[in-house]
J.: 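Below: one structure in structure tokens.
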Amino acid sequence: MALAVGMRVLTRALLRPWARGLRAAPGRTGPAAGGGDGVRCFRSPRVLVEPDPAAGVAVVKMRNPPVNSLSLEFLTELLISLEKLENDKTFHGIIITSDCPGIFSAGLDLTEMCGRDPEHYAEYWKAVQEMWLRFYLSNLVVIAAINGISPAGGCLLSLTCDYRVLANNPKYAIGLNETLLGIVAPFWFKDTLVNTIGHRSAERALQLGLLFPPAEALRVGVVDQVVPEDQVQSTARSVMAQWLDIPDHARQLTKILMRKPTADRLLTERDADIENFVRFICKDSIQKSLHAYLEKLKQKKG
Ligand SMILES: CC/C=C\C/C=C\CCC/C=C/CC(=O)SCCNC(=O)CCNC(=O)[C@H](O)C(C)(C)COP(=O)(O)OP(=O)(O)OC[C@H]1O[C@@H](n2cnc3c(N)ncnc32)[C@H](O)[C@@H]1OP(=O)(O)O
């Protein structure tokens, strides 16, 4: 228990000033109707939290259209929602899913990594680290109901969860495809994938930038279950019930036991990781290929 409390104190201490500022800002987030049972539902512009107090579960819906790209503001809102749910003893589990049809998350927001200054890159990267740390180490059961395509940072967010349910739609794919963009998945992205699918499969997937369609994602283990699209949410709910049957303290401590060594690696190298990112992303060659990639995305429309 002391370990679990220690981890919570540690991760809380890591909450960034940008998050504190936003938390204090009136009107950005706030209590909304949660029923007459005293449970509060928190909304923010890009995150919709639907609480089910009787089940001890909240559904967190990402709604940052068009593609749920993980911008600085969106990451901040996600983290604040997570913290609020963790601090509310009513909740033991969350299901993270998308409110954008066909897209779980397009990953990190490319516009946060293009044409900005080094200070911005550092701030953004710290927020990405924070998202990974907080979700990866959350004391809640976290289940991803993946109802759309989920490349790169979208896949990373799913990999922080305890269980992944993917909709069986041939248009959907999931994976860390960074090499296809000419960028390198950082060591903690890599570690998370290795912890999920093993070294050999991760090495192949990372070098080739593989985006796995549902059947392959299940075979390799990037996801735990593939179900018809209309059963993603209900499956996530029944899996959640099974996880919540386990005594919470034993499950939480086991989660920390499994994940702490991986998280510690980033925690001890956090500043160096930010410096590496800023150095890397500021390179002319990287900026050029990110710009070209964004242009290609825009031109795709015609
Ligand atoms: C030694 C090394 C040391 C350190 C290295 C450090 C760091 C490097 C690692 C950085 C890690 C990055 C991980 C990432 O997550 S990068 C992002 C990867 N994401 C993608 O490749 C997905 C790109 N998007 C798509 O493929 C499609 O958009 C998608 C299939 C998701 C949806 O297709 P759809 O046809 O429905 O929509 P689009 O018309 O393509 O897009 C709509 C608008 O959204 C914009 N868009 C899309 N994706 C992003 C994004 N990730 N960020 C920002 N904006 C995005 C797209 O441009 C369209 O914009 P408009 O034209 O409407 O303006």
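Side-chain atoms are counted along with the backbone in the values below, which use heavy atoms only and exclude waters and symmetry mates. Counting starts at 1 for both ligands and their atoms, in listed order. Here the structure is a predicted model, which is why all the values come from computation and not from measurement.
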J.: Which of the atoms of ligand 1 are close to Ser69, meaning less than 4.0 Å from one of its heavy atoms?
T.: 50 (C), 52 (N)
J.: What atoms in ligand 1 come closer than 4.0 Å to a heavy atom of Tyr293?
T.: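 In order of number, 20 (C), 21 (O), 22 (C), 23 (C).
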J.: I need the atoms of ligand 1 closer than 4.0 Å to a non-hydrogen atom of Gly153, numbered in the order shown.
T.: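 Close to Gly153: 14 (C), 15 (O).
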J.: Would Tyr163 end up clustered with Val141 when hydrophobic side chains under 4.5 Å apart are linked, directly or stepwise?
T.: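 Yes: a chain of side-chain contacts under 4.5 Å links Tyr163 to Val141.
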J.: Does the side chain of Val47 come within less than 4.5 Å of Lys61's, by heavy atoms?
T.: no
J.: Applying side-chain contact (heavy atoms from CB on, under 4.5 Å), run through Arg116 and Tyr121 and close with a yes or a no.
T.: CA-CA 7 Å; Arg116 310 286 194 111; Tyr121 296 140; 3.6 Å; yes
J.: In a check of side-chain contact (heavy atoms from CB on, under 4.5 Å) between Leu140 and each of Asp162, Asp248, Ile94, Leu244, which one passes?
T.: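 With Leu140 as partner, Asp162, Asp248, Ile94, Leu244 yield a single side-chain contact (heavy atoms from CB on, under 4.5 Å), made by Ile94.
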J.: Of all heavy-atom pairs between Ser158 and Ile146, which one has the smallest distance, and what is that distance?
T.: OG-CD1, 3.7 Å
J.: Do ligand 1 and Ile183 have nitrogen or oxygen atoms that lie under 3.5 Å from each other?
T.: no
J.: Where is the tightest heavy-atom contact between Ile149 and Ala173, given as atom of each residue plus distance?
T.: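 Minimum heavy-atom contact is CG1-O, 3.4 Å.
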J.: Backbone or side chain, does any N or O of Ala106 fall under 3.5 Å from an N or O of ligand 1?
T.: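 It does: an N or O of Ala106 is found under 3.5 Å from an N or O of ligand 1.
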J.: Check whether NZ of the Lys or CZ of the Arg Arg46 lies under 6.0 Å from the centre of the six-membered ring of Phe74 and within 45 degrees of that ring's axis.
T.: no
J.: Looking at ligand 1, does any of its N/O atoms fall within less than 3.5 Å of an N/O of Val67?
T.: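 No, Val67 has no N/O under 3.5 Å of an N/O on ligand 1.
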J.: Based purely on interatomic distance, does Leu108 place a nitrogen or oxygen under 3.5 Å from a nitrogen or oxygen of ligand 1?
T.: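 Yes; at least one N/O pair falls below 3.5 Å.
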J.: Please identify which atoms of ligand 1 are closer than 4.0 Å to at least one heavy atom of Ile103.
T.: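 So the answer, numbered in order with elements, is 32 (C), 36 (O).
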J.: Below the 3.5 angstrom mark, is there an N/O of Thr111, backbone or side chain, next to an N/O of ligand 1?
T.: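 In fact, backbone or side chain, Thr111 has no N or O that close.
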J.: Which option, Pro101, Pro65, Ala152, owns the non-hydrogen atom nearest atom 14 (C) of ligand 1?
T.: Ala152
J.: Please name the pair of heavy atoms, one in Ala127 and one in Leu72, separated by the smallest distance, quoted to 0.1 Å.
T.: CB-CD1, 3.5 Å
J.: In sequence, state the C-alpha distance, the side-chain angles, and the governing distance for Glu178 and Phe189, and then conclude on side-chain contact (heavy atoms from CB on, under 4.5 Å).
T.: CA-CA 10 Å; Glu178 280 78 356; Phe189 286 41; 3.4 Å; yes
J.: Closer than 4.0 Å to some heavy atom of Phe277 - which atoms of ligand 1 meet that?
T.: 6 (C), 7 (C)
J.: Using a 4.0 Å cut-off to any heavy atom of Pro151, which atoms of ligand 1 qualify?
T.: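 Those qualifying, in numeric order: 22 (C).
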J.: If we set the cut-off at 4.0 Å for heavy atoms, which region of Leu180 has an atom near ligand 1: side chain, backbone, both, or neither?
T.: neither
J.: Which atom pair, heavy atoms only, marks the closest approach of Tyr136 to Thr192?
T.: CE1-CG2, 3.8 Å
J.: Measure from atom 54 (N) of ligand 1 to every heavy atom in Leu290, Leu294, Val278 and give the option owning the shortest one.
T.: Leu294
J.: Under 4.0 Å from a heavy atom of Gly107: give me the atoms of ligand 1 that qualify, with their elements.
T.: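 Selected atoms, number and element: 15 (O).
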J.: Based purely on interatomic distance, does Lys298 place a nitrogen or oxygen under 3.5 Å from a nitrogen or oxygen of ligand 1?
T.: yes
J.: Please report the closest heavy-atom contact between Gln233 and Ala145, naming both atoms and the distance.
T.: OE1-CB, 3.7 Å
J.: Which of the atoms in ligand 1, numbered in the order shown and given with their element, are less than 4.0 Å from a heavy-atom of Pro66?
T.: 42 (C), 43 (C), 44 (O)
J.: Name the option, out of Ile149, Leu181, Leu157, that contains the heavy atom nearest to atom 30 (C) of ligand 1.
T.: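 Going through Ile149, Leu181, Leu157 one by one, Ile149 has the nearest heavy atom to atom 30 (C) of ligand 1.
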